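The chains referred to below are lettered A, B, ... by the order of the sequence lines, with proteins before strands, and numbering in each begins at 1. Because the structure is predicted, anything quoted here is derived from the model rather than measured.
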Amino acid sequence: MSTTELKTEVTAPVPEPRRRRAWVDQVLIYLLSFVLALVISAFLIAFADPDVRSALPYFFSQPMDTISAAWESVSEAYKALFSGSIINFSAYTVTDAIRPFTESLYTATSLILAGLAVALPFRAGLFNIGAQGQLILGAIVAGYIGFSWALPFPVHLLVAILGGMLAGSLWAGIAGLLKARTGAHEVIVTIMLNWIAIYLLQYLLTLDAFQRPGRDDPLSPPVAAEGRLPRILGEDFRLNLGFILALLAAWFIWWLLERSTIGFEFRAVGANPSAARTAGINVRRAVTGVMVVAGAMAGLAGMNQILGGSTEYALGNGIAGDIGFDAITVALLGRSTPLGVVLAGILMGALRAGGSTMQAATGTPIDIVLVVQSLIVLFIAAPPLVRKIFRLRAPKPE
Amino acid sequence: MRLELRGITKRFGTFTANDSIDLVVEPGQIHCLLGENGAGKSTLMNSLFGLYRPDEGQILVDGQEVHFRDPGDAMDAGIGMVHQHFMLVPVFTVAENVMLGHEHTKGAFLDIEAARAQVLELSHKYNLEVDPDALIEDLPVGVQQRVEIIKALVKDAQVLILDEPTAVLTPQETDELLEIIRGLKATGRSVVMISHKLREIKAVADIITVIRRGKVVGTALPTASETELAAAMVGRAVSLRVEKGAAQPRDVVLSVRGLTVRSATGQAVVDHVDLDVHGGEVVCVAGVQGNGQTELTQAIMGLEEFVTGSVTVKGQELVGRSTREVLDSGIGFVPEDRSHDGLVGPFSIAENMILDQYRQEPFAKGVRMKPSVIAANAEEKVAEFDVRTTGVQLSAGSLSGGNQQKVVLARELSKPVVSLFIACQPTRGVDVGAIEFIHRRVIAERDAGVAVLIVSTELDEVAALADRVVVMYRGKIVGIVPPDTPRGVLGLMMAGVPLEAALHSDAAHVGEDLAEAPLVVPAEAVEGVPVEPGEAAVVPGQPTAEQPLLGDRATTTPTTEEGGR
Amino acid sequence: MALDTSAPPAPVEPEIQLPISYKAPITMGVLGVFALVVFGLMGDPAKTTTFDLTIGTEAFALPDVAVPSMAFSVVTAVLCLIVAGYALVRARSRRRVPWWAILAFGLAFILSFLSWVAAGKTLPVTGLLQGTILLSVPLIFGAQSGVLCERAGVVNIAIEGQLLAGAFMSAVVGSLTNNIWLGLLAAVVAGLLVAWVLAVFAVTYFVDQVIVGVVINTLVLGLTSFFYTAVLSQNVETWNSPPVMQRIAIPVLSDIPILGPVLFNQSLIVYLMYVLVAVVHVGLFRTRWGLRVRAVGEHPKAADTVGIDVNRVRFRNVLLGGMAAGLGGAFFTLGSVGAFGKAMTAGKGFIALAAMIFGRWSPLGAVGAALLFGFADQLQQVLSIIGTPIPSQFMLMAPYLATLFVVAGLAGRSRAPAADGVPYIKS
C-alpha cells in the first residue's frame, strides 16, 4: 500500500461565513414567498387589464403607455385589496374604517376551523381532503336544528353547535374507519365523501322538511334567532361568537397535540406508525380518532357558515363555498400547527375580504386571490427555490 | 483490470465517512475490506461505484483517472457491485432485472428471449443456478444474490464489489458463495469483498485492507491471525466476553407452547415452537437472519397477526392480547430495527424515553401529560445510560445509532416492573464501547432475576451473553445447547442439521475453513498473557499517532496468538 | 454438558391457515340479494322493458328487444347470486376471484337494475353506450396521465388542474385561430406546463407530491377563472368561441350493430384516446422505456444502480402525463360544448384518479374503471329524460359510492407502485 501520497488533514477551524439563524430564515422565506406571489399576480392583473392590452402592441415604440397603464391597474387593485381587508382610510366614520379588519376576521373564522380539520390529520400522517364534505354535513345538521327546532336562546345555539360537530365527526369518521379497517387511502375516500355530501345536500334541499315554504329553489328557511351566533362587537359588525369559538378550538387542538396522551398517540402514529405500534399504541384507533376530531372541527366550520350568517342564515347548495379546499392551503401555510393555522386563516380571510372589495372597486376578479394563495404555499414549500430566486444562502444547520 | 483509489475522502455534513483512503485492487485478486459496522467500507464502495461523489481523491482504472458520475459510468468501466440490500425490483422477473439498464431490443420492443438466454448461459458458466422467469419476490435470498452476481457479469464486470454478501446466508450458503468467488477469480476477474466476518475473509482473501473510522489502518495477508485482524478492526483488543457469574435460574417466567406464526401469504414463519425462559437466565436465539427469530419475539409482543399456540408470562396468557396489554404485563422489548420500530425520529429524546409509558404515572395523569416530569426523567436516563447528546429536547433522529440504541434500552430497562426482557440484535450497528455497556446492563438484569431473551445473528454476542442457546432454522427450533458449544456445531445447526448429526459432522471436518476454534479469545487469555507483536504478515498502513497499527496494539493491550498455528 | 434438546412436538391443533377473505363473496352476495328483492321481486310483473339497440346511423337496424321487467330482473339477479356462489367457492379454496367473474357479476347486476328502472319504458341502449364513451373521454385521458406519473413513482393529484388548463387553452387558442388542431396542440402544451410545475416542485425540489398537486389544482382554478372573468367573458366572440369537433364515422366499422356507432362513430378526440391507451399499454409493458419507468416506480435505487437517472425518468413521465391530461381537457371545450366555463372540469380529474386506482395502476384497468364511471354518469342523464323512480342526486352519487366500495372493499389490497409518492433523494 502506498503511503507516500498522504494528505495531512487540516482541522483548523475555517472561519464560516456568517449565516442567519434558522427562524430568521423561516420568516424571510414566508415574506419573500408572499412578495413573489404578489409580484406574479401583479403581472396577471396588468395583463388582464384592457388598457394594458391595448397599449401592449406598441410597447416597443411607447413603452411608458403600457407601464403606466399596468402600474395604474395593479396599484388600484392592491390598494383596494388593502382597504378591503385591513383599514379603510377613506372612510368617514371609525366604524367604517375598521370594518374591513373585522370582516377579515369574520371571513377567517370558518377558514381557521376548517384549517384545523386539515392540520390535525396532517400531524397524524393523514391527508384530509374531505373537510368540504364534513363541513357540508355540519352545516346541514346545524342548519336543520337551527331552522326547524324551537328552543330558548343559549340552548338552541348550543344544541345546533353540537349537532354540527357531531355530523362532521361522523362523516370524517367514515373515512378514518375505512382507512383503519381496510387500508383504503384517505385521500380517495374523503374526495368521494365530498361528492356524496354535495349530492346529499342537493337531495335534502328538494325535500319538504328543508324547503323554504313558498319557494321552489333549493333554499331552506332561515335559522331561528335563538340559534344564531351572537355578534360580539355590536350589530354594526358581522364578527360573532364563531371567531371566539375558532380561537378556543385552536387552543384545544394545541392542548390535545402537545399536552395530552391522546395527542401523543396521534403524533407518534403520524411520525412513525410502526414504532407507535411497537410501543403499544393502537394505530387503527388513533387513525379513526384523528379523523373524528378533525371532522368535529370541520363540522364547526359548517356550523359557523350557517349560524354565522354568511348566507343570510339559510341553507343552500353554496353553503360551503370552497372553504373545505381553502382549508388545505390554510393548514399548509400554517405548517399544521394550531397557532399557524390561526394566523394563516386570518391572512386568507383578509385576502378574501379584500378580494371582494377589489372586485367591486376595480373589476379585478376575486379569483386572483386563489392564485396568490396557491403561489404562496408553493413557494413556502420549496425554500431552496425561493433562495435561488433571491440568491440567498441556506441557514446554518441546527 | 487494475483499480486504484487515491486519497478518497467523503464527508456527510460534519461527519467524515472516508478520510483520504488509498486502495489498490490488482487483476485476479480477491481483496477484502475489513471493518466494523459504520467504519466506512460501504461508503467507500459507493463512491467507487458512482453512487456517491467523493469530496476528494482520484479513482484510476489501469492507471487512467476516471470520473464516475453515476453507476452507469462505473459499470461501463467494468465495475460491478452486489449491494448489501439487493438492488432488485421485486415484481420483475430475473430476466427483466438482469436486462434493466442495458436492455436488448427487437425493433421498438424488449427482447426478453435474449435476456433469458443470457441468464441461462451465465448461470451455467459460473454455476449460478437460477430460473430466468421467476419473480424476484418469490426467490430465497441466496438465489437473489446469484441474480445480483449475474447482473454484474452480464455487464462483463472485471471488478466485482460484494458488500457484506454473507450477512443473510447460512454458513453452508456462505461456502457456496466463497466457491463462486474463487471461480470468478479463476477467470481473471478481481473481487472486492466487504465484510466484518473474519473467518470468511481469511478463507477467501488474497489481501486484506482494514478500515476503521473512515481510515485505512493497515493491510494484512490472510495468514494474519484472527486476533490481530480483530484488534486492528476495532482499534484495541476486544473483550466480548462479559464478566459474569453462573446463572441462578429461578422459576419459569416465559413459557411458549406450540407457537406458530404465519405470514400474510400463509407460510409458517414460526413453526410449533416450545421454549421456556427462567428468571435469572439469558436465553439467546441464534440463527441466520430470517429464520423466524424476529417473528417469534413479535408474536410474544402481540405484533403478529396470524398466531396460534400459547405464550404465558408468569402464568398469564398473552396470545390474543394487544401489544399494550403485553407491555403492561411487565415486559421490556427492544425491537430489531430501532429507527423503524423502536424510536420516533422526529420526537424529542425525552418523548422517546417514555414512548411506551406515556400514559402511566408519573408521566401523565389521566389524559394530561407532565412535560416537566418527562424532561426530568429523560435527563436522569441520559446520564445513567451515557447517551451522548446536548439536550433531551433534541430529536432522537439526530442521535448516532449507538446512542439511539441506548435510548431504547434506557426506556425498556428502567420500567418499574420488568419480569421479562426481550432484545433483538441489541448491539447491531453499535460501536464497541457501547456494546460492552449494553452487555453489562443485560447481565445486570439477569442477575436481578429478570428472564432475558436475546435474538442475535452474531455468534460472538451469543457466546458472550447466553446461558442457553436456542438455534432456529426455518421457524423451528433445531436444538437448545449450552453457550460453549463449538462454533462449527452451531453453524451446522443454523443450517438445519440436528444437534447429534452436527456434532458428528463437525468432528469429521475439524480444520476446515468455517469450523475453527472460536474467534473470540477467551477472556482469561486476553488479560494478562503478554505476546509478541504481529509478524511480517501485517503490513503497516498509515502510521499516525492516534491510530495504532496492527503491530502496535500489543503495547496497549496484550493479546495472544491462537493456539496450534 | 447437559444438552437440553427440545424434541419437535407433535402438532395437536389443526394446521392453521390464512383466514379466508370473504370480502368479495359477501359484497357480491349482498348486492345480488338486493337486486333479487328490490329489482326483481318488488318489481311490477305487468310491465315490460324495451331495450332499443339502434341509433339510426347504422346500415342495418336491430329490432328492439322487449322483456318482461320483473322476470328479467329476477333471472339476472339469480345470475348475480350464482357468480357470488362461485366467488364463495373460490374464496374457500383461498383463490382469487377471477376478473371475468367480477365482470359477469357487474353486467348481470346492471341489466337487472336497468330492467327494473326502465320498466314500462324504452331504454336507448346504443345511445347510452355511445354517451358512455364520450363522458369517459376526460376520465380516460386523466387516468392515463395518472398511470404515466404513478408508474414512475410520482403521485399526480394535479390531473384536475391539467384537464382544466387543457380545456382553457384549447378554447382560447381554438377561438383565436379557429383551428381544431391548433386548439388540441394548445391543450397539450397547457397540460405540459402544469405538469412542468408539478415536476419542478415534486421531483426537483422534493416537495410533498400530494400537496403540490392539490395546490396546483387551486392555482390553475384561480388562473383560469381569473382570465375567464377578466378576459374571456368580456369578448366571447374573440376569446371563447372555438370550433367544435364533429363525429367522424369510420366506414364499414361504424356499421357494426351496437358496437359500430358506439366505438367508431365518434369525434376525433375519441380516436386519439384509443391511440393513447394502446401506446401507453404497449409502451409500459413491452418497451425499454416502460421497463425503466416501472423499475423507477418500484425500486428507484435499483434503477439508479444500473445507471438509470431516476429523477429524469420521473420528470419526463410527469410531463408526458401532463400532455395526456391536457389533451383530455380539450374534450370539455372542442370535444363537446365549445366554450370554456369557470371550473368546468367539475372534479373529473379526481374521478380519473379514482379510476386509475380502481384500475390498479394499469392502463387498461383504468379504462375499464373510467368506462364504468362514464356509464353511471350517462345513465343518470338518460334516466332523467325517460323518468325514473330514483332521485337524480342518488344517480349522481352512484359513481362516488361505487368508488368508495371498491377502494374499501375489493381493491383495498391492490398494490400501488412501491415507490409511489416517495421522492428520490440521492446523497
Side-chain angles (χ1 to χ4, degrees), chain A residues 41 44-45 47-50 53 122 127 129 174-175 177-179 181-185 187-189 191-207 322 325-326 328-329 332 359 363-379 381-385, chain C residues 23 155 157 197 200-202 204-208 210-231 233-235 342-343 347 350-351 353-354 357-358 391-409 411-414 416:
Chain A
S41 303
L44 296 179
I45 293 170
F47 179 75
D49 188 85
R53 278 210 311 278
F122 267 140
F127 191 4
I129 301 195
I174 297 174
L177 208 64
L178 287 178
K179 167 88 180 181
R181 291 285 151 197
T182 69
H185 201 295
V187 168
I188 303 297
V189 173
I191 290 172
M192 296 304 127
L193 286 172
N194 282 345
W195 287 103
I196 295 170
I198 288 168
Y199 291 121
L200 185 69
L201 175 60
Q202 282 186 12
Y203 170 69
L204 289 175
L205 287 172
T206 64
L207 302 180
D322 284 322
F325 301 109
D326 293 335
I328 299 167
T329 320
L332 292 173
Q359 179 157 14
T364 306
I366 190 169
D367 306 289
I368 198 74
V369 167
L370 284 180
V371 178
V372 174
Q373 77 185 44
S374 40
L375 285 176
I376 296 176
V377 174
L378 269 185
F379 288 128
L385 180 68
Chain C
K23 255 186 193 170
V155 172
I157 300 273
V197 177
V200 165
F201 281 91
T204 310
Y205 287 102
F206 311 123
V207 181
D208 186 293
V210 175
I211 289 172
V212 183
V214 171
V215 176
I216 285 178
N217 288 337
T218 315
L219 179 64
V220 175
L221 179 65
L223 283 173
T224 53
S225 303
F226 174 77
F227 281 112
Y228 173 77
T229 314
V231 181
S233 59
Q234 305 297 322
N235 190 346
K342 221 170 175 174
F350 289 107
I351 300 298
L353 186 73
I357 293 172
F358 197 166
S392 67
Q393 290 87 5
F394 286 101
M395 283 306 297
L396 286 163
M397 233 186 251
Y400 307 100
L401 272 172
T403 310
L404 211 55
F405 275 112
V406 167
V407 173
R413 290 269 145 74
S414 74

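The structure places OH of A:Y199 at 4.5 Å from OH of C:Y400, a figure rounded to the nearest 0.5 Å. Atoms CG and OH, from A:D367 and C:Y228 in turn, are 11.0 Å apart once rounded to the nearest 0.5 Å. Rounding to the nearest 0.5 angstrom, the gap separating the CG atom in C:L221 from the CZ atom in A:F325 is 10.0 Å.
Within the 4.5 angstrom heavy-atom criterion, only side-chain atoms of A:I191, from C-beta onward, approach chain C. If you measure heavy-atom distances from A:I368 to chain C, the contacts under 4.5 Å come from both the backbone and the side chain. Of the atoms belonging to A:V187, it is side-chain heavy atoms, and not backbone ones, that fall under 4.5 Å from chain C. Residue A:I188 touches chain C through its side chain alone, counting heavy-atom pairs closer than 4.5 Å. For chain C, the nearby part of A:L332 is the side chain; its heavy atoms alone come within less than 4.5 Å.
A side chain to side chain contact (heavy atoms under 4.5 Å, CB included) with C:F226 is found for exactly one of A:T364, A:V369, A:I366, namely A:T364. Remark: of the listed residues A:T206, A:I198, A:L200, A:T206 is the sole one forming a side chain to side chain contact (heavy atoms under 4.5 Å, CB included) with C:Q393.
In terms of heavy-atom pairs under 4.5 angstrom with chain A, the leader among C:T229, C:V214, C:V215 is C:V215. When C:S392, C:S225, C:A230 are compared by the number of non-hydrogen pairs under 4.5 Å with chain A, C:S225 comes out ahead.
A 4.5 Å side-chain heavy-atom check between A:L378 and C:V197 finds at least one atom pair inside the cut-off. The shortest side-chain heavy-atom distance between A:L370 and C:L219 does not fall under the 4.5 Å cut-off.
Nearest heavy atoms, C:T218 versus A:Q373: CG2-NE2, 3.9 Å. Taking all atoms of both residues into account, the shortest heavy-atom contact from A:M192 to C:L404 is CB-CD1, 3.8 Å. Between A:R53 and C:V231 the shortest heavy-atom distance is NH1-CG2, 3.3 Å.
With sequence neighbours excluded, the residues that form a ring pair (Phe, Tyr, Trp, His ring centres under 6.0 Å) with A:F127 are A:F122. Judged as a side chain to side chain donor-acceptor pair (under 3.5 Å), and not counting sequence neighbours, A:D322 has no contacts.
Ring orientation note: the planes of A:Y203 and C:F394 are nearly perpendicular, at an angle over 60° on the 30°/60° scale.
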As a quick check of understanding, evaluate side chain to side chain contact (heavy atoms under 4.5 Å, CB included) for C:F227 and A:L44, giving each step before the final call.
CA-CA 9 Å; C:F227 281 112; A:L44 296 179; 3.6 Å; yes
